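Worth saying up front: this structure is predicted, and the values here are computed from it rather than measured.
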There are 4 protein chains.
Amino acid sequence: MADKKTVILKTTLELISEQGFVGTPMSQIAQRADLGMGTIYRYFKNKDDLLNALYLDIKKKIAAYSLRNYLETMPVRDGFKQLLGDLIRYFKENPAELSFLEQYVNSPIITAATREETMRMAEPFEELYRRAKKQNLLKELPFEVIGALLGGAAISLAKLYLASADGLDDESLARGLDALWDMVAR
Amino acid sequence: MADKKTVILKTTLELISEQGFVGTPMSQIAQRADLGMGTIYRYFKNKDDLLNALYLDIKKKIAAYSLRNYLETMPVRDGFKQLLGDLIRYFKENPAELSFLEQYVNSPIITAATREETMRMAEPFEELYRRAKKQNLLKELPFEVIGALLGGAAISLAKLYLASADGLDDESLARGLDALWDMVAR
Amino acid sequence: MADKKTVILKTTLELISEQGFVGTPMSQIAQRADLGMGTIYRYFKNKDDLLNALYLDIKKKIAAYSLRNYLETMPVRDGFKQLLGDLIRYFKENPAELSFLEQYVNSPIITAATREETMRMAEPFEELYRRAKKQNLLKELPFEVIGALLGGAAISLAKLYLASADGLDDESLARGLDALWDMVAR
Amino acid sequence: MADKKTVILKTTLELISEQGFVGTPMSQIAQRADLGMGTIYRYFKNKDDLLNALYLDIKKKIAAYSLRNYLETMPVRDGFKQLLGDLIRYFKENPAELSFLEQYVNSPIITAATREETMRMAEPFEELYRRAKKQNLLKELPFEVIGALLGGAAISLAKLYLASADGLDDESLARGLDALWDMVAR
DNA sequence: CATGAATGAGAATTCATTCAT
DNA sequence: CATGAATGAATTCTCATTCAT
């Protein structure tokens with residue numbers, strides 16, 4: 001059997017994306033994970049802690065997936081599209097993760113410490129931004145604004161694709177990515 | 001005194017934006033609203049109903065505010081910037097509304113019926129889209145995609161401005177709106 | 001029906017003196033008091049608070065009972081015997097109170113604030129001590145020592161009488177009180 | 001290393017006097033004693049058994065300490081003062097023991113069997129009482145009453161000395177012991 | 001209509017005890 | 001013999017909802 005911590009996180013995500021955080025009692029998580037209630041508390045201090053751990057875990061997976069095929073040697077434009085494209089593809093493949101994230105990015109349950117920790121994962125994106133700046137490819141907008149615009153639009157797009165019955169074909173994804181680039185390109 | 005329903009909605013928003021949903025019991029809403037618990041149940045079937053009503057109420061206010069200065073006779077580009085600019089300005093003036101909305105758009109508490117009802121408010125925006133299409137100003141993207149891209153980016157931008165200490169000056173807002181337009185413009 | 005707070009305190013004392021504090025769940029108190037669980041929490045913040053309130057309540061009753069027949073105009077020796085005699089008689093009539101007190105005087109559950117509040121009840125006894133001192137009737141011992149010696153011995157005596165099958169006859173109580181006086185008298 | 005049973009008892013006393021009974025789980029005892037949880041259950045049937053053993057252990061140490069310098073050949077008055085003086089000195093040197101005892105003498109956790117066993121330790125004191133009686137030195141009070149009065153007052157005194165910042169000097173202890181003797185002396 | 005005390009189902013969390021290694 | 005991860009019954013406490021006044 002997979003290690004217990006992993007099983008708990010997996011089960012929690014499943015249930016939360018189905019019923020929401022408030023709607024899923026610890027007892028149900030334990031039951032579905034086939035573990036005793038107390039076992040969860042061996043691995044996580046309390047319910048909030050479990051949620052924060054899950055949040056962090058997902059963020060890490062997203063970062064890893066996004067970077068799969070990204071190279072620092074890529075041309076800037078290709079780099080952007082690679083990163084954002086894989087971000088969207090990740091959510092396409094993991095809809096529960098997206099729904100979870102959307103619900104908790106702004107929740108007071110996610111602590112400042114957790115949020116801080118996710119910041120560090122933006123490092124490759126920051127490097128890309130600096131590269132783009134140097135080549136004078138971007139609009140006159142601060143890093144945070146660029147990030148917010150791209151992130152907001154990309155996630156919104158991912159949600160739409162998940163909702164649509166036909167799903168995401170490569171053609172329309174490519175067009176979406178072009179739009180994203182146009183938004184920030186000079 | 002304003003009518004009771006309004007007072008309840010206002011108080012609920014206040015408390016939820018201060019403490020989050022889980023942390024605000026009905027009894028506290030009643031107390032702060034200076035009403036008996038039973039009174040709330042006269043106006044709202046239950047807590048979920050209250051939340052859905054609040055959600056709808058806020059959406060309506062946003063729509064109204066966005067349309068304040070929008071005219072169907074405006075040039076398309078100006079129309080877009082007017083609608084989106086006022087959307088962002090609304091959140092600037094009503095931060096609690098934004099934080100509430102962010103937390104509940106994806107919550108299972110908001111029912112399908114409520115979600116459906118908010119759709120209708122996009123009507124003026126749809127009209128604008130059709131006008132833009134006719135003039136061949138937009139990229140080859142379906143209405144929903146255009147809407148998702150713009151909405152996601154705009155709200156993301158609003159959140160950033162709220163978080164930033166210095167806030168939103170006209171200059172940077174204008175540049176943000178230009179970026180949004182570039183995203184969808186042909 | 002008596003007021004709810006009183007009923008809860010009474011029931012709690014009953015159960016705790018039978019089973020101890022740890023051994024009596026709040027649910028059992030509610031059941032025996034014929035009240036809903038939540039009702040207890042309307043009147044007491046939590047279990048510890050309930051215990052502190054009970055502690056204080058009993059201390060007040062003891063003080064009142066001790067002072068029933070005590071007069072500041074009594075000769076000092078009679079005053080001592082009156083106060084201590086009624087203290088012992090109170091416990092004779094209210095065994096549960098004694099067992100409760102014995103168990104919790106030294107428990108960390110009783111807060112410093114509660115302890116402080118009980119101090120004030122010693123006032124009449126302090127007055128008596130001052131009067132005795134002025135008349136040079138007592139040994140050269142500080143007030144606290146006199147109090148500790150008398151209190152300790154008196155309560156120990158009360159416990160013994162409760163345990164003994166035959167109980168406390170006036171004759172032996174009188175002899176016990178004489179012994180107490182001899183302990184502190186010059 | 002001392003034998004395990006001793007280590008467990010010592011650690012339990014330590015933790016309970018620091019945090020109270022309710023606040024110290026078996027797991028914490030195991031951890032602090034540097035033993036596995038299961039090991040404790042090898043030496044004690046369950047938590048209550050551990051507590052009863054600790055209670056008995058402390059009582060034995062007290063009896064031993066009290067008798068250190070006591071001789072059956074001592075004059076009665078000196079004998080009393082010797083026994084009671086060393087009782088008080090023991091608590092002075094072992095405050096945790098006193099606090100533990102105070103909390104558990106009246107607790108339902110301590111079984112009748114345990115209580116019975118502690119009775120036997122009063123044997124030397126009983127002998128002393130008989131000797132005093134024969135010499136007609138005591139008031140007309142039954143053995144249990146004498147014991148209760150002296151025990152109650154002595155422990156009360158010890159507690160006071162522990163609480164007082166300056167502690168117990170020989171001078172004031174001597175005066176306290178005189179008072180105790182006066183209480184029971186004819 | 002309005003009130004808010006009372007309710008009790010339901011949730012989080014703890015911890016004594018067991019038992020496979 | 002020793003270990004400590006796993007268990008789940010038991011407990012405290014919260015809060016949406018009702019209903020007698």
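The shortest distance between the side-chain N/O atoms of B:Thr39 and the OP1/OP2 oxygens of E:dA2 is not below 4.0 Å. One finds a side-chain N or O of D:Lys4 lying less than 4.0 angstrom from the OP1 or OP2 phosphate oxygen of F:dA2. For the pair B:Arg42 and E:dC1, the criterion of a side-chain N or O lying under 4.0 Å from OP1 or OP2 is not met. Proximity of B:Tyr43 to the phosphate of E:dC1: no side-chain N or O atom is located under 4.0 Å from OP1 or OP2.
Taking atom CD1 on B:Ile8 and atom C1' on F:dA16, their separation rounds to 15 Å, with Å as the unit. The nearest whole Å value for the distance from the CD atom in C:Gln28 to the P atom in F:dT11 is 9 Å. If you take CG of C:Asp49 and P of F:dT14, they are 12 Å apart, rounded to a whole angstrom. Separating the CG atom of D:Leu15 from the P atom of E:dC15 is a distance of 13 Å, rounded to the nearest angstrom. If you take CZ of B:Arg32 and C1' of E:dG4, they are 19 Å apart, rounded to a whole angstrom. Whole-Å rounding puts the D:Lys5 NZ to F:dA2 C1' distance at 17 Å. The CZ-P distance, from C:Phe44 to E:dA5, rounds to 15 Å in whole Å. Rounded to whole Å, atom P of F:dT3 lies 13 Å from atom CD of D:Gln31.
Annotation: salt bridge (charged side-chain N to carboxylate O under 4.0 Å, His left out) contacts of D:Lys60 (sequence neighbours excluded): none. Under the rule for a salt bridge (charged side-chain N to carboxylate O under 4.0 Å, His left out), C:Glu117 has no partner lying at least two apart in sequence or in another chain. With sequence neighbours excluded, the residues forming a side chain to side chain contact (heavy atoms under 4.5 Å, CB included) with C:Ala63 are C:Met121, listed by chain and number.
When each of A:Ile40 and C:Gly23 is assigned the nucleotide of DNA chain F with its nearest heavy atom, A:Ile40 is the one assigned upstream, toward the 5' end.
Put simply, the side chain of D:Asp57 never gets that close to the backbone of D:Leu9: no donor and acceptor are under 3.5 Å apart.
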Where do N or O atoms of nucleotides 16-18 of chain E meet protein N or O atoms at under 3.5 Å, pair by pair?
| residue | atom | partner | partner atom | Å |
| --- | --- | --- | --- | --- |
| E:dA16 | OP1 | D:Lys47 | NZ | 2.8 |
| E:dA16 | OP2 | D:Met26 | N | 2.5 |
| E:dT17 | OP2 | D:Tyr41 | OH | 3.1 |
| E:dT17 | OP2 | D:Lys47 | N | 3.0 |

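A salt bridge (charged side-chain N to carboxylate O under 4.0 Å, His left out) check over residues 100-116 of chain C, counting only residues at least two apart or in different chains, returns the pairs C:Glu102-C:Lys159. Applying the salt bridge (charged side-chain N to carboxylate O under 4.0 Å, His left out) test to every pair with at least one member in residues 37-52 of chain B, sequence neighbours left out, gives no pairs at all. For residues 31-59 of chain A, the set of pairs meeting the ring-ring contact (aromatic ring centres under 6.0 Å, His included) definition, not counting sequence neighbours, is empty. Counting only residues at least two apart or in different chains, salt bridge (charged side-chain N to carboxylate O under 4.0 Å, His left out) contacts with residues 13-28 of chain B comprise B:Lys10-B:Glu14, B:Glu14-B:Arg32, B:Glu18-B:Arg32.
Taken over five-pair windows at either terminus, the axes of the helix from E:dA2-F:dT21 to E:dT21-F:dA2 are inclined to one another by 0° (rounded to 10 degrees).
With a 4.5 Å cut-off on side-chain heavy atoms, C:Asp3 and C:Val7 do not count as touching.
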